[in-house]
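Numbers restart at 1 for each chain; the letters A, B, ... are given by sequence-line order, proteins then strands.
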There are 2 protein chains.
Amino acid sequence: MTTEEAARVRAGQPAEREVPDGQEYDVFARLCPSRDVFAELADKWSMLILMSLLGCGPQRFSELQRGVGGVSRKMLTQSLRNLERSGLVLRTVFPETPPRVVYDLLPLGRELAELLAPVGRWTERHAGRMVAAREEFDAAHAEG
Amino acid sequence: MTTEEAARVRAGQPAEREVPDGQEYDVFARLCPSRDVFAELADKWSMLILMSLLGCGPQRFSELQRGVGGVSRKMLTQSLRNLERSGLVLRTVFPETPPRVVYDLLPLGRELAELLAPVGRWTERHAGRMVAAREEFDAAHAEG
DNA sequence: CTGTATCCGAAATGATACTG
DNA sequence: CAGTATCATTTCGGATACAG
């Protein structure tokens, strides 16, 4: 496959992704519904929220805000609403005073979070190298 | 861990993430360098580009533009520059006329792409359910 | 073909004040 | 506590024209 595709690339032919028969969704297709979903999930705050819920368990609104450093109430609310709307996160309101609202992963969200967590850990492990690469790149492109 | 953390949450204590000793980077920390890196990668176009390069092999600029549906030249250029700058993607210019520029994954980028690919496939598999969940949510919140 | 430069409207985001 | 509403600002991103 890789070799075959590479050959196709070399030949100047379009690099078509083979879509398994019967698979209706393709994140690479601009008009595919899965693209909308993907665009929502491929977001800094959404990903951090899902990862935080996976790593720390159910959390209140304010706990999430402390856990996800730098997120504003507005963005936290917005992102949580999207995740709730798409069926990834459960929002539970305890009718106390003051009110307590707890967010938790639904099975669907947990599945996704378990795929995202490695991405976060990978980023932490290799951030040093990437920052260094940036500095090299910037230095090399400073004079020219 | 999950249980322990959950207990802490219930007790109203801060849901602190345990950071392994010696790990200097934390994507949840607003000021951590890894957060900048993560924010760059947790992006629709960056993720799709990496996934396309992994799935289809080395590709020219125009091939990538066709492969990643809906991306404009501007965003494609910008995202590729970022990925190149961070050491994830290699840009090779063949001095022909017209010029040919081929992008490929560097080892670092390939590692990441291999973590992202499952996220893309997961999204495609579950997009239907998420779209349905959205419709339910919207319907339930329409009347008020 | 592979970009760069510029403009401009749209969308994202932060800050702030207010509410149940 | 957990939001909502509003405004100001920034950033995103598409369109277009141009260039090597």
Side-chain angles (χ1 to χ4, degrees), chain A residues 9-15 30-31 35-36 39-49 52-53 58-85 89-104 141 144, chain B residues 9-15 30-31 35-36 39-49 52-53 58-85 89-104 141 144:
Chain A
V9 169
R10 270 181 249 108
Q13 293 165 19
R30 184 179 32 146
L31 302 174
R35 164 64 75 83
D36 282 342
E40 176 190 307
L41 302 178
D43 168 74
K44 182 177 51 172
W45 298 132
S46 296
M47 291 176 64
L48 287 174
I49 289 169
S52 180
L53 289 174
Q59 287 170 77
R60 307 178 56 160
F61 184 86
S62 53
E63 290 173 330
L64 273 170
Q65 187 166 19
R66 268 179 285 114
V68 179
V71 69
S72 65
R73 266 175 304 180
K74 183 177 177 178
M75 292 315 297
L76 184 55
T77 300
Q78 195 173 110
S79 302
L80 283 169
R81 279 290 173 286
N82 283 336
L83 295 174
E84 185 195 2
R85 184 169 95 107
V89 161
L90 177 66
R91 176 177 180 267
T92 308
V93 182
F94 295 86
E96 312 165 355
T97 53
R100 186 163 57 99
V101 180
V102 173
Y103 293 90
D104 195 8
H141 291 66
Chain B
V9 169
R10 269 180 249 109
Q13 293 165 20
R30 185 180 29 150
L31 303 174
R35 165 63 76 83
D36 282 342
E40 176 190 307
L41 303 178
D43 168 75
K44 182 178 49 172
W45 298 132
S46 296
M47 291 176 64
L48 287 174
I49 289 168
S52 180
L53 288 175
Q59 288 170 76
R60 306 178 57 160
F61 184 86
S62 52
E63 290 173 330
L64 274 169
Q65 188 167 19
R66 266 179 286 115
V68 178
V71 69
S72 65
R73 265 177 305 179
K74 181 179 179 177
M75 293 316 296
L76 183 56
T77 300
Q78 195 173 109
S79 302
L80 282 169
R81 280 291 173 285
N82 284 336
L83 295 173
E84 186 195 2
R85 185 169 94 106
V89 161
L90 178 66
R91 175 177 181 266
T92 307
V93 182
F94 295 86
E96 313 165 354
T97 51
R100 186 163 56 99
V101 180
V102 174
Y103 293 90
D104 195 8
H141 291 66

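- We find the CG-CG distance between B/L90 and B/L83 to be 12.0 Å, quoted to the nearest 0.5 Å.
- Annotation: side chain to side chain donor-acceptor pair (under 3.5 Å) contacts of A/R81 (sequence neighbours excluded): none.
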Test side chain to side chain contact (heavy atoms under 4.5 Å, CB included) on A/V71 and A/Q65 and set out the steps. CA-CA 6 Å; A/V71 69; A/Q65 187 166 19; 4.2 Å; yes
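- In this structure, A/Q59 contributes its side chain and A/S52 its backbone to a donor-acceptor pair below 3.5 Å.
- As a whole-Å value, the separation of B/H141 NE2 from D/dG3 C1' is 14 Å.
- Panel note: side chain A/R35, backbone B/G70; no donor-acceptor pair is recorded below 3.5 Å.
- The distance between atom CD of A/E96 and atom P of D/dG3, rounded to the nearest whole Å, is 13 Å.
- Scanning DNA chain C 5' to 3' for nucleotides with an atom closer than 4.0 angstrom to a non-hydrogen atom of chain B gives a first and last hit of C/dC1 to C/dC7.
- In terms of phosphate contacts, A/R91 brings no side-chain nitrogen or oxygen within less than 4.0 Å of OP1 or OP2 of D/dA2.
- When all heavy atoms of A/E40 and A/N82 are compared, the closest pair comes out as OE2-O, 3.3 Å.
- Put simply, OG on A/S46 and CD on A/Q78 are 9.0 Å apart, with the number rounded to the nearest 0.5 Å.
- For the helix from C/dC1-D/dG20 to C/dG20-D/dC1, the angle separating the two terminal helix axes comes to 50°, with each axis derived from five pairs and the value rounded to 10°.
- Minimum interatomic distance between A/L53 and A/Y103 (heavy atoms only, all atoms of both residues): CD2-O, 3.5 Å.
- Here A/D36 pairs with B/R134 under the side chain to side chain contact (heavy atoms under 4.5 Å, CB included) rule; sequence neighbours left out.
- Between A/R100 and D/dG3, a side-chain N or O to OP1/OP2 separation shorter than 4.0 Å is absent.
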Give every pair of a protein N or O atom and an N or O atom of nucleotides 10-16 of chain D that lie under 3.5 Å apart, one pair per line with the distance.
{"residue": "D/dG13", "atom": "N7", "partner": "B/K74", "partner atom": "NZ", "Å": "3.0"}
{"residue": "D/dG13", "atom": "O6", "partner": "B/K74", "partner atom": "NZ", "Å": "3.4"}
{"residue": "D/dG14", "atom": "OP2", "partner": "B/S72", "partner atom": "OG", "Å": "2.9"}
{"residue": "D/dG14", "atom": "O6", "partner": "B/K74", "partner atom": "NZ", "Å": "2.4"}

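- Looking at residues two or more places apart in sequence or on another chain, you find no side chain to side chain contact (heavy atoms under 4.5 Å, CB included) involving B/T97.
- Residue whose closest nucleotide on DNA chain C sits further toward the 5' end, between B/V101 and A/P98: B/V101.
- Considering only heavy atoms from C-beta on, B/F61 comes within 4.5 Å of B/L80 through its side chain.
- Here A/Y103 lies in heavy-atom contact (under 4.0 Å) with sugar-phosphate atoms only.
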